[in-house]
Every structure is written in structure tokens, then in C-alpha cells.
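Worksheet: the structure to be examined is printed underneath.
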Amino acid sequence: MDWQKYFDIENEQPLDRFVEGISNTAIFRKIAFIGDSLSSGEFESRDDNGNPGWHDYYEYSWGQYIARKNGLTAYNFSKGGMRADTYIKTFAQEKDFWDKDLACQAYVMALGVNDILNCGQEIGSTDDIAENWQDNKETFAGYYSAIIMRYKELQPRAKFFLVTMPRGIDEKRNELSGKHAQLLYSLAEYFDNCYVIDLYKYAPVYDEEFRRRYYLYGHMNASGYIFTANMVDSYIDYIIRHNPDDFRKVGFIGTNLK
């Protein structure tokens with residue numbers, strides 16, 4: 001066996017292939033998925049009058065699909081409608097998500113749709129980050145960074161995977177998604193142990209044919225969440241394989257061992 005053919009695939013790009021079987025994501029035994037409805041396995045329904053309903057089915061979330069595939073523990077630190085400001089101000093505290101017993105080796109953060117696309121919040125930049133997370137400016141960058149900083153206090157050596165938003169057919173929203181992606185790359189440079197899962201660049205365009213197959217009204221269907229799980233799992237596997245020195249000591253995260 002030539003093991004280097006597995007790790008050193010010539011000209012490989014993220015999402016060139018989906019990982020079959022257990023992936024390198026499994027080096028993390030506990031992962032938290034921080035996000036909104038799309039991180040919560042949310043299904044959208046219609047009543048007899050055509051009125052929509054929204055329902056978080058966490059067992060259908062892409063984080064839980066990744067967990068079941070890789071035999072790891074996944075926490076859904078997510079809820080339909082979630083924004084970074086709501087998370088850092090009230091939600092995480094109310095749900096005890098700062099509890100040391102829930103500290104994880106890795107955090108996958110998928111926020112921004114409600115904040116930027118739906119609510120028009122100012123995106124901001126790394127200039128909005130203060131020494132104390134409580135003093136960050138009231139922008140998406142400030143709130144999002146505060147979440148990272150708070151979890152770094154809880155688990156200093158944890159790894160963070162920052163998820164960009166995939167492109168659709170609305171050019172105005174794509175433009176905002178592109179700015180969101182640029183911010184996440186700047187945050188990955190600002191903070192240590194941070195990596196970008198760039199669905200904006202590498203995921204397929206969520207066009208009408210994609211939505212016909214993978215959506216249920218305005219949110220994904222069960223197959224759509226499986227597809228997302230495959231993308232995120234394969235992307236994390238790609239990052240780990242291409243940065244082996246960064247992940248050599250993952251087993252010691254949460255301990256005093258070096």
C-alpha cells in the first residue's frame with residue numbers, strides 16, 4: 001500500500017470527493033455544531049391553509065449524521081432563526097452551552113444567514129474585536145468573534161471550523177455571502193486553530209434543480225441534510241489531511257497533556 005496516495009492526492013481541492021466510511025473528522029470525540037435552522041435539521045411544513053410551520057428535528061441535522069457515521073458525540077448548539085448576537089447575549093447561557101462539561105474538542109460554526117441575509121446586520125471586520133469579548137462592537141463580526149473567544153476561554157486548544165454560505169440564484173444575496181466568506185477568512189487568520197469550510201467557493205450552486213432534489217419549501221429535506229453532512233465531513237477530513245501538524249495533538253485537547 002502506498003499510504004501517500006491517500007494523503008497527497010495531486011491537485012486535490014476540497015469536495016473533489018466525498019469520504020467513504022469513517023473520516024478524519026473522527027479524531028474529534030466531541031464536536032459542537034453552532035448554527036441556525038439549517039444546522040438543526042429543520043423541516044418546513046404547511047397547514048391546511050398554506051401557512052408555514054418550522055420544526056427543528058435535530059436527529060436529521062447534518063451534525064448528527066456526521067456523528068453517527070464517525071462514532072463521535074455531537075451537540076446541536078443551534079436553533080431555527082439563530083443569530084450570532086442572540087447566541088452570545090442569551091441563547092447559550094439559557095441552554096447552559098458554556099458548561100465546562102459540554103466543552104468540545106472542535107466547534108463547527110454555521111451562522112450568518114439570519115444575521116446578514118435576512119436581517120441586514122452590518123458585517124463588520126476584525127477591527128470590531130476587542131481584548132475582552134464583551135467589548136466587541138455590535139456587528140456580525142463582533143458577535144461572531146465573541147462566540148469564538150468565549151469558547152476559547154472554555155477550551156483553549158479547541159479547533160474551530162467556520163462555514164461560509166453556499167451560493168444561490170439571487171445575486172444580491174450572493175454578494176453578501178461573498179463578503180461573509182471574506183470575513184470568515186480574516187477571522188481564521190486572526191484566531192489560532194481556526195479553519196474555513198468554504199461552501200461559497202466549493203459547494204454546488206443551490207439553483208432550482210438542486211432545490212428540487214434537496215429542499216422542502218424554504219429549508220432542506222432529509223436528503224439535503226445528508227448531502228450537507230457529506231460536504232462538511234469531507235471538507236474537515238480534507239483540512240486535517242492537508243494540515244497534519246495542526247492536528248497531531250487533538251487527543252490532548254481538554255487535558256493538561258502536551
Side-chain angles (χ1 to χ4, degrees), residues 7 14 19 22-35 39 61-64 66-78 82 84 87-88 91-93 95-112 126 128-136 141-164 181 183-199 229 232-258:
F7 285 93
V19 177
I22 189 171
S23 77
N24 280 288
T25 308
I27 67 174
F28 303 111
R29 305 316 301 148
K30 292 173 66 177
I31 303 180
F33 294 89
I34 300 169
S39 298
S61 69
W62 46 268
Q64 293 300 329
I66 291 172
R68 290 191 290 268
K69 173 187 175 183
N70 289 302
L72 56 85
T73 297
Y75 297 123
N76 285 103
F77 289 179
S78 62
M82 187 54 54
Y87 192 95
I88 192 67
F91 179 69
Q93 184 67 37
K95 295 294 185 178
D96 291 327
F97 289 161
W98 309 124
D99 189 333
K100 182 66 176 178
D101 290 339
L102 297 179
C104 293
Q105 294 171 306
Y107 296 85
V108 179
M109 297 181 59
L111 289 167
T126 54
D128 300 337
I129 303 172
E131 184 175 349
N132 186 321
W133 61 267
Q134 293 176 309
D135 297 326
N136 286 5
Y143 293 124
Y144 190 96
S145 299
I147 298 172
I148 297 174
M149 296 164 76
R150 186 75 190 272
Y151 280 118
K152 279 183 169 289
E153 291 178 354
L154 191 66
Q155 191 75 287
R157 290 190 282 175
K159 306 294 185 180
F160 291 82
F161 298 94
L162 316 181
V163 184
T164 70
L183 171 66
L184 297 195
Y185 274 105
S186 67
L187 294 178
E189 292 184 5
Y190 186 93
F191 294 108
D192 64 347
N193 292 318
C194 279
Y195 309 85
V196 176
I197 295 176
D198 195 351
L199 301 186
V232 174
D233 186 34
S234 299
Y235 210 124
I236 294 175
D237 178 89
Y238 172 90
I239 291 171
I240 294 170
R241 287 188 291 107
H242 285 262
N243 300 276
D245 291 339
D246 292 0
F247 297 92
R248 196 181 311 279
K249 299 178 182 178
V250 159
F252 293 151
I253 296 174
T255 76
N256 294 322
L257 300 174
K258 297 181 180 179

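Remember, it's a predicted structure, so these values are computed and weren't measured experimentally.
- Residue Asp128 comes nearest to Ala141 through the heavy atom pair OD2-CB, 4.1 Å, listed as atom of the first residue, atom of the second, then distance.
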Stepwise side chain to side chain contact (heavy atoms under 4.5 Å, CB included) check, Asn136 with Tyr143: CA-CA 7 Å; Asn136 286 5; Tyr143 293 124; over 6 Å; no

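- With hydrogens and angles ignored, the 3.5 Å screen pairs no side-chain donor or acceptor of Asn70 with any backbone N or O of Leu72.
- Here the side chain of Thr255 pairs a donor or acceptor atom with the backbone of Phe252 at under 3.5 angstrom.
- Considering CD of Gln134 and CD1 of Ile88, their distance stands at 8.5 Å, rounded to 0.5 Å.
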Side chain to side chain contact (heavy atoms under 4.5 Å, CB included) between Asp198 and Leu184, intermediate numbers included: CA-CA 9 Å; Asp198 195 351; Leu184 297 195; over 6 Å; no

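- Ring geometry for Tyr107 against Phe160 counts as parallel: the plane angle stays under 30°, on a 0 to 90° scale with 60° as the upper cut.
- Nearest heavy-atom pair, Ser61 versus Ser39, reported as atom, atom and distance to 0.1 Å: CB-O, 3.4 Å.
- Shown here for Tyr75 and Gln64, the closest heavy-atom pair between the two residues is N-NE2, 4.4 Å.
- Looking at Val163 and Leu111, their side chains never come closer than 4.5 Å, going by heavy atoms from C-beta outward.
- The shortest side-chain heavy-atom distance between Asp233 and Lys69 falls under the 4.5 Å cut-off.
- Between Phe28 and Cys104, the closest side-chain pair of non-hydrogen atoms is not below 4.5 Å.
- Taking the six-membered ring wherever Trp is involved, the centroid distance between the rings of Phe91 and Phe97 falls below 6.0 Å.
- A 4.5 Å side-chain heavy-atom check between Ser78 and Phe33 finds every atom pair outside the cut-off.
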Evaluation steps, side chain to side chain contact (heavy atoms under 4.5 Å, CB included), between Arg157 and Gln105: CA-CA 8 Å; Arg157 290 190 282 175; Gln105 294 171 306; over 6 Å; no

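- For the pair Met149/Ile129, a side-chain contact is recorded, criterion being any heavy-atom separation below 4.5 Å from C-beta on.
- Rounding to the nearest 0.5 Å places CD1 of Ile31 at 9.0 Å from CZ of Arg29.
- When each of Ile34, Leu162, Asn193 is tested with Ile148 by the rule side chain to side chain contact (heavy atoms under 4.5 Å, CB included), just one qualifies, namely Leu162.
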Check against salt bridge (Lys or Arg N to Asp or Glu O under 4.0 Å), Lys159 and Asp246: CA-CA 9 Å; Lys159 306 294 185 180; Asp246 292 0; 5.9 Å; no

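- Residue-environment remark: CD (Glu131) stays at or below the threshold of 12 foreign heavy atoms within 6.0 Å.
- For the pair Val196 and Ala188, the tightest heavy-atom approach, listed with the atom from each and the gap, is CG2-CB, 3.8 Å.
- With a 4.5 Å cut-off on side-chain heavy atoms, Phe77 and Tyr87 count as touching.
- Between Ala84 and Tyr144 the shortest heavy-atom distance is CB-N, 3.9 Å.
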Steps toward side chain to side chain contact (heavy atoms under 4.5 Å, CB included) verdict (Ser145, Leu187): CA-CA 8 Å; Ser145 299; Leu187 294 178; 3.3 Å; yes

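- Between Tyr195 and Phe247, a ring centre-to-centre spacing shorter than 6.0 Å is recorded.
- Annotation: side chain of Thr126 is in contact with side chain of Ser186 (closest heavy-atom distance under 4.5 Å).
- To the nearest 0.5 Å, the span separating CG on Leu102 from NZ on Lys100 amounts to 11.0 Å.
- Remark: Lys30 NZ to Ile253 CD1 distance equals 12.0 Å, nearest 0.5 Å.
- Looking at heavy atoms from C-beta onward, Arg241 lies in side-chain contact with Asn24 at the 4.5 angstrom threshold.
- Taking OG1 from Thr25 and CG from Asp237, the interatomic distance works out to 6.0 Å, rounded to the nearest 0.5 Å.
- Between atom OG of residue Ser23 and atom CD1 of residue Ile236 there is a gap of 7.5 Å, rounded to the nearest 0.5 Å.
- Within 6.0 Å of NZ on Lys152 lie more than 12 heavy atoms contributed by other residues, nucleotides or ligands.
- Across Gln93 and Arg150, no two heavy atoms sit closer than the pair OE1-NH2, 4.3 Å.
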